[in-house]
Amino acid sequence: MSFLSQPSLAMADFRRLGDYIHAELGIKMPDAKRGMVESRLRKRLSVLNISSYEEYCAYLFSSRGQRDELPFFINQVTTNKTDFFRESKQFVFLEKKALPELVAGMPTCDPKKLSIWSAACSRGHEPYSLAMVLSEYAEQQKNIDFRILGTDISTDVLNVAQKAVYTHEEIEPVPMALRKKYLLRSKDRRKNMVRIAPQLRSKVRLLRLNLMNKRYTAVEQMDIIFCRNVMIYFEKDTQHQILHRLLSHLKPGGFLFMGHSEVIQHTEFPLRSIQTTIYQKVG
Ligand SMILES: C[S@@+](CC[C@H](N)C(=O)[O-])C[C@H]1O[C@@H](n2cnc3c(N)ncnc32)[C@H](O)[C@@H]1O
């Protein structure tokens, strides 16, 4: 495909794709996103040797395309920005307030088990940040065990999370003491990479899950749910439905952490607001 004859995404094809993204993934696709979708799918056209977006749509919506192309399509149209210890104040709250309160309220058993869900976990920075905090807490308090579930709709990001290999730039926000303990440098020193240590990786289970699903069958009852920076892509109605489903997997007294711009009208839900973007389930 020559640079001069690059195909363009006609509005009718964009609307077809946009309606599909909206219905299946919940993500809003206003007309202003046409350029973004066009540029993100260009690589797919080139890989598949397809010469127009019209032809790409025909393939995607065919039964073969739904089976073979859909995961690639989803990988292209989702936005996966994330960081270790993103919104770091929430991790301080987690360590200082949420974990002590949850553990204090648990029946005496050996060990006390905490379940944490990172819904829309992207490339793993969030579940592994959680794993570091939980691991430190478990070490100090003794008698505590934990497991973390990370879910996302994109197979690309889940593959990165599964490998758990990150660049030195990515791990900048990780406090030095935690880096030394939980990040392994590549044996080849010329490589600018680190890997999450096996004792943390073994605590994190990763799973593909579309938050638009009517049920989250693979998800158990959680003590803590992080669902951050994904609701912003959904419309209000969708946000409400997803929130109801998320809350049905949160134990009473459990904590819900949202993204910095995702404030919930909590009176409509069994939640009390603890701090901006941090809620506790009542009942
Ligand atoms: C901006 S990232 C947020 C990552 C992380 N929670 C954070 O705050 O750093 C949003 C993630 O939501 C995922 N996502 C988008 N729509 C989804 C859906 N319907 N179900 C599950 N995950 C979805 C995307 O694949 C992406 O990885």
Side-chain angles (χ1 to χ4, degrees), residues 1 6-48 50-83 86 118-123 125-126 150-161 207-216 226-246 258-265 268 277:
M1 206 185 296
Q6 270 184 356
S8 65
L9 174 60
M11 195 48 105
D13 292 326
F14 166 69
R15 294 227 170 101
R16 239 182 122 189
L17 296 171
D19 288 350
Y20 184 81
I21 295 167
H22 186 223
E24 297 298 317
L25 280 66
I27 299 172
K28 292 178 279 187
M29 276 290 145
D31 289 354
K33 294 262 170 91
R34 188 174 66 91
M36 181 202 84
V37 172
E38 180 183 271
S39 70
R40 288 193 183 179
L41 290 179
R42 186 161 289 138
K43 210 163 47 179
R44 291 306 300 159
L45 266 68
S46 159
V47 170
L48 295 164
I50 285 179
S51 59
S52 74
Y53 286 92
E54 194 181 354
E55 202 186 321
Y56 179 79
C57 283
Y59 172 54
L60 177 69
F61 295 121
S62 70
S63 50
R64 195 159 71 88
Q66 287 289 293
R67 189 193 63 212
D68 297 345
E69 179 58 15
L70 191 56
F72 293 101
F73 174 72
I74 291 173
N75 291 339
Q76 293 305 317
V77 299
T78 47
T79 299
N80 315 115
K81 189 196 159 2
T82 189
D83 272 317
R86 189 177 190 181
S118 165
C121 67
S122 191
R123 297 190 309 281
H125 302 58
E126 187 173 279
T151 64
D152 202 283
I153 197 170
S154 157
T155 51
D156 263 1
V157 297
L158 289 170
N159 286 338
V160 176
L207 206 67
R208 183 165 184 265
L209 184 140
N210 183 352
L211 290 169
M212 291 290 281
N213 289 353
K214 291 280 166 278
R215 282 162 191 223
Y216 306 150
F226 270 60
C227 184
R228 307 188 307 163
N229 306 303
V230 62
M231 289 289 195
I232 35 164
Y233 299 107
F234 304 145
E235 262 151 12
K236 220 175 172 77
D237 275 359
T238 311
Q239 291 177 352
H240 276 215
Q241 287 159 19
I242 292 177
L243 211 43
H244 271 296
R245 285 197 287 273
L246 286 175
M258 304 293 294
H260 61 279
S261 59
E262 300 167 320
V263 176
I264 300 174
Q265 295 304 321
E268 297 168 38
T277 70

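This one's a predicted model, so the numbers in the text were calculated from it and none came from an experiment.
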Should Asp156 and Thr78 be marked as a side-chain contact (heavy atoms from CB on, under 4.5 Å) after you check the CA-CA gap, both sets of side-chain angles, and the distance that decides it? CA-CA 10 Å; Asp156 263 1; Thr78 47; over 6 Å; no
Ignoring hydrogens and angles, tell me if any N or O in the side chain of Glu235 forms a donor-acceptor pair with the backbone of Lys28 under 3.5 Å. no
Flag for Asn75-Thr155: side-chain donor and acceptor within less than 3.5 Å: yes
Check: Leu9 main-chain N/O paired with Arg34 side-chain donor or acceptor under 3.5 Å: yes
Flag this pair as yes if the NZ/CZ of Arg44 is under 6.0 angstrom from the six-membered ring centre of Phe72 and inside a 45 degree cone about the axis; otherwise no. yes
Asn80 side chain to Arg123 backbone, donor-acceptor under 3.5 Å: no
Between the side chain of Gln239 and the main-chain N/O of Met231, is any donor-acceptor distance below 3.5 Å? yes
May I ask you to check whether over 12 heavy atoms, not counting those of Glu54, lie within 6.0 Å of atom CD? no
Heavy-atom pair of closest approach, residues Pro7 and Ser51: CB-O, 3.5 Å
Residues that Asp31 engages under salt bridge (Lys or Arg N to Asp or Glu O under 4.0 Å), provided they are two or more places apart: Arg15
NZ of Lys214 to CE of Met212, rounded to nearest 0.5 Å, is 6.5 Å
Lys43 atom NZ, neighbour heavy-atom count above 12 within 6.0 Å: no
Considering all heavy atoms of both residues, which atom of Thr79 and which atom of Arg40 are nearest to each other, and what is their separation? OG1-NH2, 3.3 Å
Starting at CD of Gln76, measure out to CD1 of Ile21 and round the result to the nearest 0.5 Å. 11.0 Å
Using atom types as modelled and distance alone, determine if a side-chain donor or acceptor of Asn229 lies under 3.5 Å from a backbone N or O of Gly259. no
For residues Thr238 and Gly26, report the shortest heavy-atom separation together with the two atoms involved. CG2-CA, 4.4 Å
Are Thr277 and Glu262 close enough, and set up right, to give a side-chain contact (heavy atoms from CB on, under 4.5 Å), and what steps lead you there? CA-CA 7 Å; Thr277 70; Glu262 300 167 320; 5.8 Å; no
side-chain contact (heavy atoms from CB on, under 4.5 Å) filter on Leu70, not counting sequence neighbours, yields Tyr20, Leu60, Gln66, Phe73, Ile74
Mind checking side-chain hydrogen bond (donor to acceptor under 3.5 Å, both in side chains) for His240 and listing every partner two or more places apart, or none if nothing turns up? Glu268
Specify the closest pair of heavy atoms between Asp152 and Leu158, including all atoms of both residues, with the distance to one decimal. O-CD1, 3.6 Å
Of all residues at least two apart in sequence or in a different chain, which pass the side-chain hydrogen bond (donor to acceptor under 3.5 Å, both in side chains) check with Arg228? Gln90, Glu126
Distance-minimising heavy-atom pair for Ile153 and Arg208: O-NE, 2.8 Å
Sequence neighbours excluded, the answer for side-chain hydrogen bond (donor to acceptor under 3.5 Å, both in side chains) partners of Gln241 is none
With rounding to the nearest 0.5 angstrom, report the CG to OG distance, Asn210 to Ser154. 11.5 Å
Can you name the side-chain hydrogen bond (donor to acceptor under 3.5 Å, both in side chains) partners of Tyr216, sequence neighbours left out? Arg245
Where the side chain of Glu55 meets the backbone of Leu45, is there a donor-acceptor pair that is under 3.5 Å apart? no
Donor-acceptor contact present, side-chain Tyr53 to main-chain Glu38, <3.5 Å: yes
Shortest non-hydrogen contact from Cys57 to Asp13? SG-CB, 3.9 Å
Does the pair Met36 and Met29 meet the rule for a side-chain contact (heavy atoms from CB on, under 4.5 Å), with working shown? CA-CA 10 Å; Met36 181 202 84; Met29 276 290 145; 4.1 Å; yes
Intermediate values then yes/no, side-chain contact (heavy atoms from CB on, under 4.5 Å), Leu17 and Val77: CA-CA 10 Å; Leu17 296 171; Val77 299; over 6 Å; no
